[in-house]
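For clarity, every value in this text was computed on a predicted model and none was experimentally measured. Whatever order the structure lists them in is the order used to number ligands and atoms, beginning at 1.
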Amino acid sequence: MASRYPLKKQIPLQKKVKYLVIGQGLVGTWLAYFLQERNLSYVIVNDSKQASASSVASGVINPVTGRRMVQTWMIEDVMPFAVASYEAFQQKTNSKIVSNTPVVLIHPSPQMKDSFDYRLAHDNVYLKTNNTLDWQSFFNTPFGTGEIDNCYWIDLIPFLEAGKKHMADHFIESTFAFTEFKIVDEGVQWKDILAEKIIFCDGVNSMQNPYFKALPFAPNKGEALIVAIDGLPAKHIYKNNIAIVPWKENLFWVGSSFEWQYENQDPTKAFKQKMMTALDSILKLPYQVVDHLVGIRPANTERRPFVGLHPSYPQLGICNGMGTKGCSLAPYFASELINHIELGEEINKEADIARFGPLLV
Ligand SMILES: Cc1cc2nc3c(=O)[nH]c(=O)nc-3n(C[C@H](O)[C@H](O)[C@H](O)COP(=O)(O)OP(=O)(O)OC[C@H]3O[C@@H](n4cnc5c(N)ncnc54)[C@H](O)[C@@H]3O)c2cc1C
């Protein structure tokens with residue numbers, strides 16, 4: 001029998017927040033962490049089945065780059081900010097994430113040794129000599145060794161897990177899809193969430209984003225092996241033509257490739273063979289390959305981030321394009337984006353998507 005007092009039609013509940021963050025890789029984690037630190041309301045949505053460059057990266061912050069061993073872009077600003085942020089994060093989340101981990105350079109050729117020696121004598125901030133004898137029981141060192149002193153290693157899997165736990169009350173495991181999204185007067189709506197701003201931190205998936213796909217992304221494929229090496233000290237990163245980076249316990253991350261052109265996102269036999277040949281030629285210890293990882297770096301040919309609000313829809317923002325340097329750039333530019341929105345501060349002009357304004361409108 002029908003009730004004499006029918007229930008009013010249910011109005012769907014809407015959760016109102018200031019920020020809706022899409023993606024919990026390095027960038028989304030930092031953005032959400034800083035929002036929480038500043039008491040700004042937010043929800044973060046992540047689909048753990050989607051590709052995540054952050055979960056396969058080696059986690060190195062190295063201030064020196066290339067054959068000429070020059071300083072990386074903005075390192076003097078970005079590295080101190082990043083290190084202080086990771087240290088604060090680990091204190092807050094009671095985790096062990098960041099460690100000062102010098103790079104031992106095992107010179108692969110006389111030319112690279114010359115390049116090291118030249119930089120040591122000219123405008124050097126980060127390089128120092130070391131005692132090659134200390135490394136000879138682990139590696140063949142026909143051209144000697146050197147060291148990059150001020151490097152950091154970020155243990156990324158625990159970082160992502162600690163971040164997820166820290167933001168558990170704001171975290172939704174789900175796929176963000178534009179079919180469930182609309183722009184509304186108050187900002188944006190996704191499912192039952194109403195937000196003043198949505199910030200896309202979804203890595204290479206932003207290339208399909210109808211509002212931001214015109215940004216000149218150039219995704220880059222990288223592979224790595226996880227290798228068990230008993231007896232190799234895990235307090236250093238080792239670099240020859242390949243990098244050997246602590247991963248966990250007796251496991252090391254060995255890589256990487258850097259491919260602008262690739263057919264698919266699968267691991268390749270050629271890469272595995274190349275790494276094993278390189279390991280055979282430098283490593284004196286036995287090793288065993290236990291895993292093969294692949295990731296796609298959200299890169300671009302300019303090698304500068306994509307940070308800012310859409311020129312026509314200021315309720316939509318993006319923090320992306322960290323390329324090979326997500327560990328150092330993500331905290332810095334996530335913070336810059338929040339300062340831009342909340343305090344009206346400028347975003348670094350080389351990173352601000354305003355430089356692509358005509359492409360986006
Ligand atoms: C092999 C390799 C080695 C690397 N080594 C280093 C290194 O040593 N140091 C360094 O600084 N950088 C390194 N990088 C680069 C670094 O990994 C990237 O710069 C960084 O991870 C980019 O972070 P991100 O948050 O922008 O993207 P991602 O890490 O890709 O995160 C995107 C997130 O969004 C989520 N997502 C995507 N689409 C959706 C959707 N529709 N709905 C919900 N969630 C979604 C994904 O699940 C993911 O969690 C390396 C990269 C690779 C591939």
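When only interatomic distances are considered, the shortest N/O to N/O separation between Val60 and ligand 1 falls below 3.5 Å. Ligand 1 has no nitrogen or oxygen under 3.5 angstrom from a nitrogen or oxygen of Asn320. Note: no N/O pair closer than 3.5 Å links Gly295 and ligand 1 by distance alone. Taking distance alone, with nitrogen or oxygen atoms compared against 3.5 Å, Val27 approaches ligand 1 more closely than that limit. The shortest N or O to N or O distance between Ala53 and ligand 1 is under 3.5 Å. Residue-to-ligand polar distances keep Ala57 apart from ligand 1: every N/O pair is separated by 3.5 Å or more. Of the N or O atoms in Glu223, none lie within a sub-3.5 Å distance of an N or O in ligand 1.
Between Tyr86 and Trp30, the ring planes are perpendicular. Angles over 60° get that label, and only those under 30° would be called parallel. Using cut-offs of 30° and 60° on the angle between ring planes, the pair Phe176 and Phe200 is perpendicular.
Other residues sharing a hydrophobic cluster with Trp260 under the 4.5 Å side-chain heavy-atom criterion for ILVMFWY residues are Phe258.
The closest approach between any non-hydrogen atom of Ala224 and ligand 1 is not below 4.0 Å. Ligand 1 has Ala51 within reach: a non-hydrogen atom of the residue lies less than 4.0 Å from it.
Close contacts between ligand 1 and Ser54 involve ligand atoms 17 (O), 20 (C), 21 (O), 23 (O), 25 (O), 28 (P), 29 (O) [criterion: under 4.0 Å to a heavy atom]. Proximity to Ser256 (heavy-atom distance under 4.0 Å) selects the following atoms of ligand 1: 1 (C). Remark: ligand 1 atoms within the under-4.0 Å shell around heavy atoms of Gln24 are 33 (C), 49 (O).
Hydrophobic cluster membership differs between Leu232 and Trp247, with clusters built from Ile, Leu, Val, Met, Phe, Trp and Tyr side chains linked at under 4.5 angstrom.
The shortest side-chain heavy-atom distance between Tyr287 and Phe252 does not fall under the 4.5 Å cut-off.
Taking Glu302 as the reference, Arg355 meet the salt bridge (charged side-chain N to carboxylate O under 4.0 Å, His left out) condition, with sequence neighbours excluded.
Contacts with ligand 1 closer than 4.0 Å are made by backbone heavy atoms (N, CA, C, O) of Thr324 only, the side chain lying farther away.
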